[in-house]
Novice: 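The following block contains the structure, expressed as structure tokens.
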There are 2 protein chains.
Amino acid sequence: MASTLQPAEAAPAAVDPRILRSRRMLMDALIRLLNKKEFDAISIQEIADEATLNRATFYLHYPDKNALLQAMTAARFRDLVARRGLSFSNCDGAIRAIALGVCDYLAETTGCPTALLKMPLETSIIPVVESVFLEGAAHRTPTPGVDPTLLATTAAWAIFGAARRWFETPNRIPAEQMAAKIEAMVKPIFLSVKR
Amino acid sequence: MASTLQPAEAAPAAVDPRILRSRRMLMDALIRLLNKKEFDAISIQEIADEATLNRATFYLHYPDKNALLQAMTAARFRDLVARRGLSFSNCDGAIRAIALGVCDYLAETTGCPTALLKMPLETSIIPVVESVFLEGAAHRTPTPGVDPTLLATTAAWAIFGAARRWFETPNRIPAEQMAAKIEAMVKPIFLSVKR
DNA sequence: ATGCGTAAGCAACATCTGTCGATTTATTTT
DNA sequence: AAAATAAATCGACAGATGTTGCTTACGCAT
């Protein structure tokens with residue numbers, strides 16, 4: 001599994017078009033396969049075949065299946081965050097927007113219904129949520145004696161956990177409604193130290 | 001991977017002493033091996049050998065390595081909770097006690113230093129924390145319109161995430177101090193709806 | 001104590017995994 | 001345009017994985 005907090009290291013600023021192409025093809029292949037079968041049931045051989053790449057090429061980019069899943073999830077979620085322009089600058093409603101992003105992502109990526117739950121998505125999504133918070137915290141006068149990192153981590157885990165619980169609930173309430181609930185729960189985490 | 005919320009189903013009320021013996025031996029073997037090498041570097045063959053069991057017997061009890069790790073972690077953490085008599089009845093300080101439990105567990109189980117971080121511990125520990133909260137919530141007059149399950153899940157993820165961040169920090173502050181911080185952050189989650 | 005049910009042991013299987021060295025092909029640099 | 005650099009392919013390897021059919025040994029209830 002890749003490290004938790006260095007997205008830059010995880011995707012080491014690939015420039016060579018061949019590298020980008022291979023990685024994109026692998027991710028696309030995985031997405032396609034995930035619509036057909038469970039993650040655990042997919043072999044690296046299959047992924048490579050589906051991507052029309054040699055199996056050895058896979059290992060050139062990712063140490064194992066999980067690393068690919070993680071990289072792919074992080075990339076897709078990061079993309080969603082970028083598309084929506086999520087940031088912590090426009091402070092109010094930011095938490096709700098982020099929570100909605102996580103909920104939507106979980107729901108949207110539901111190629112295969114029950115499969116997502118058994119995936120190590122937390123290691124992909126949580127760091128991204130965390131970084132959004134941290135980026136926002138940087139724009140702000142630092143409260144002395146408070147570690148913004150800890151705050152960001154705690155909030156990110158709380159949001160993801162809540163969103164995950166929502167997602168695995170049979171008859172879900174609308175994502176927007178859930179996001180509001182999550183905001184109500186998570187906002188106080190930040191206020192807890194703000195004063 | 002086992003399901004998230006049915007500990008009873010995960011360990012299906014084993015009665016046959018042979019079953020208990022085998023599972024115990026497998027867990028003990030894993031613990032012993034974890035003190036020597038990383039989880040990823042341990043093969044099922046090794047675990048079976050160390051447990052003086054046939055490899056096929058392993059598959060009789062767990063579908064894969066992760067399932068064993070998860071079952072083992074859940075069992076050990078549950079044990080720690082029981083030893084300390086953690087519950088949510090004695091409401092005040094309960095959150096801190098639970099947070100301390102998680103921190104201590106992470107630190108205590110550090111047979112091999114860096115290995116714990118790469119493990120899917122969340123699926124083992126979080127449900128236990130959650131159940132402690134839920135058990136406590138049962139003893140309490142239910143606040144209408146509030147889903148105690150959601151609260152428990154969110155708090156459990158927040159606590160675990162914070163504890164995990166603490167654990168992976170190079171120069172850690174004492175666990176007690178960290179537990180206090182966590183309490184400060186997490187308590188408001190519950191108050192957020194108690195209104 | 002005897003016998004039924006079921007767990008544990010055993011051996012063999014097809015497949016997957018991760019890694020290697022050697023070769024070919026595609027970029028970038030000069 | 002040619003040379004240098006680096007990625008992709010290929011075949012092969014030892015080992016691990018998950019499963020199966022069969023036999024042996026244990027635990028429990030009669």
Side-chain angles (χ1 to χ4, degrees), chain A residues 1-3 9-30 32-34 36-72 75 115 118-120, chain B residues 1-3 9-30 32-34 36-72 75 115 118-120:
Chain A
M1 226 174 268
S3 56
E9 183 217 30
V15 277
D16 195 315
R18 290 171 294 180
I19 294 182
L20 273 69
R21 175 173 178 274
S22 294
R23 293 190 182 163
R24 197 164 356 95
M25 292 183 82
L26 286 171
M27 290 185 185
D28 290 352
L30 179 54
R32 248 172 285 135
L33 289 174
L34 277 176
K36 291 189 235 162
K37 50 205 309 195
E38 296 214 351
F39 180 67
D40 287 337
I42 300 173
S43 77
I44 292 179
Q45 184 68 256
E46 282 178 290
I47 299 174
D49 288 349
E50 178 74 30
T52 60
L53 290 176
N54 192 279
R55 188 168 65 91
T57 306
F58 178 97
Y59 290 104
L60 235 41
H61 295 281
Y62 305 100
D64 56 36
K65 229 179 17 170
N66 272 303
L68 170 61
L69 173 68
Q70 179 164 341
M72 189 196 73
K118 3 181 66 182
M119 290 193 197
Chain B
M1 226 174 270
S3 57
E9 186 216 30
V15 277
D16 195 316
R18 290 172 294 180
I19 294 183
L20 273 68
R21 174 174 178 272
S22 293
R23 294 193 182 159
R24 198 165 351 99
M25 291 183 80
L26 287 171
M27 290 183 186
D28 291 351
L30 179 54
R32 248 172 284 135
L33 289 173
L34 278 175
K36 292 188 233 161
K37 50 206 305 195
E38 295 214 352
F39 181 67
D40 288 336
I42 300 174
S43 77
I44 293 181
Q45 185 67 257
E46 281 178 290
I47 299 175
D49 288 349
E50 178 74 29
T52 59
L53 289 176
N54 193 277
R55 188 168 64 91
T57 305
F58 178 97
Y59 290 103
L60 234 42
H61 295 281
Y62 306 100
D64 56 36
K65 228 178 20 170
N66 272 303
L68 170 61
L69 173 68
Q70 179 165 340
M72 189 195 75
K118 4 180 65 180
M119 291 193 197

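Naming convention: chains lettered A, B, ... in sequence-line order (proteins, then strands); numbering from 1 in each chain.
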Novice: If I take atom CG in residue A/Leu53 and atom P in nucleotide D/dC10, what distance separates them, rounded to the nearest angstrom?
Specialist: 10 Å
Novice: D/dG18 phosphate, OP1 or OP2: any side-chain N/O from B/Tyr59 under 4.0 angstrom?
Specialist: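 Result: yes.
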Novice: C/dA8 base to B/Arg18 side chain: any donor-acceptor pair below 3.5 Å?
Specialist: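 Side chain to base: no pair present.
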Novice: Using OP1 and OP2 only, check whether a side-chain N or O of B/His61 sits under 4.0 Å from C/dA7.
Specialist: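 So the side chain of B/His61 is outside the cut-off, no N or O lying under 4.0 Å from OP1 or OP2 of C/dA7.
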Novice: Counting only N and O atoms by type, is there a donor-acceptor contact under 3.5 Å from the side chain of B/Lys65 to the main-chain atoms of B/Ile42?
Specialist: yes
Novice: Nearest whole angstrom, please: distance from the C1' of C/dA8 to the CG of B/Leu26.
Specialist: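 So the two atoms are 12 Å apart, to the nearest Å.
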Novice: Using whole Å, what does the distance between atom P of nucleotide D/dA7 and atom OH of A/Tyr62 come to?
Specialist: 14 Å
Novice: Under 6.0 Å from the CZ atom of B/Arg32, do we count more than 12 heavy atoms belonging to anything else shown?
Specialist: yes
Novice: Between A/Pro17 and B/Arg21, which has a closest nucleotide on DNA chain C that is more 5'?
Specialist: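 The residue mapped nearer the 5' terminus is B/Arg21.
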Novice: Taking the nucleotide of DNA chain C with the closest heavy atom to each, which residue, A/Ile42 or A/Ala56, is nearer the 5' end?
Specialist: A/Ile42
Novice: Just N and O in the side chain of B/Asn54: are any of them under 4.0 Å from OP1 or OP2 of C/dA8?
Specialist: no
Novice: Specify the separation, in whole Å, of atom CD1 of A/Ile19 and atom P of D/dT5.
Specialist: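 Whole-Å distance recorded here is 17 Å.
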Novice: Respond yes when some side-chain nitrogen or oxygen of A/Ser22 is under 4.0 Å from OP1 or OP2 of D/dA7, and no when none is.
Specialist: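 Checking D/dA7 against A/Ser22, no side-chain N or O comes under 4.0 Å of OP1 or OP2.
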Novice: Are side-chain heavy atoms of B/Glu50 and B/Lys36 found at a separation under 4.5 Å?
Specialist: yes
Novice: Compare the minimum distances between each of C/dT27, C/dA7, C/dG18 and the side chain of A/Asp16, then state the nucleotide with the smallest one.
Specialist: C/dT27
Novice: Atom CD1 of B/Ile47 to atom C1' of D/dA16: distance rounded to whole Å?
Specialist: 12 Å
Novice: Measure CZ/A/Phe58 against P/D/dA8 and give the value in whole Å, please.
Specialist: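 A/Phe58 atom CZ is separated from D/dA8 atom P by 13 Å.
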Novice: When rounded to the nearest 0.5 angstrom, what distance separates CG in B/Leu20 from CZ in B/Arg18?
Specialist: 11.5 Å
Novice: Let me know the distance between CZ of B/Arg55 and P of C/dA11, rounded to the nearest Å.
Specialist: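 Taking CZ of B/Arg55 and P of C/dA11, I get 13 Å after rounding.
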Novice: So, taking the atom named CG in A/Asp64 and the one named CD1 in A/Ile44, what distance separates them when rounded to the nearest 0.5 Å?
Specialist: 6.5 Å
Novice: In this structure, how many angstroms lie between the P atom of C/dG9 and the CG atom of B/Leu60, rounded?
Specialist: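 These atoms are roughly 10 Å apart.
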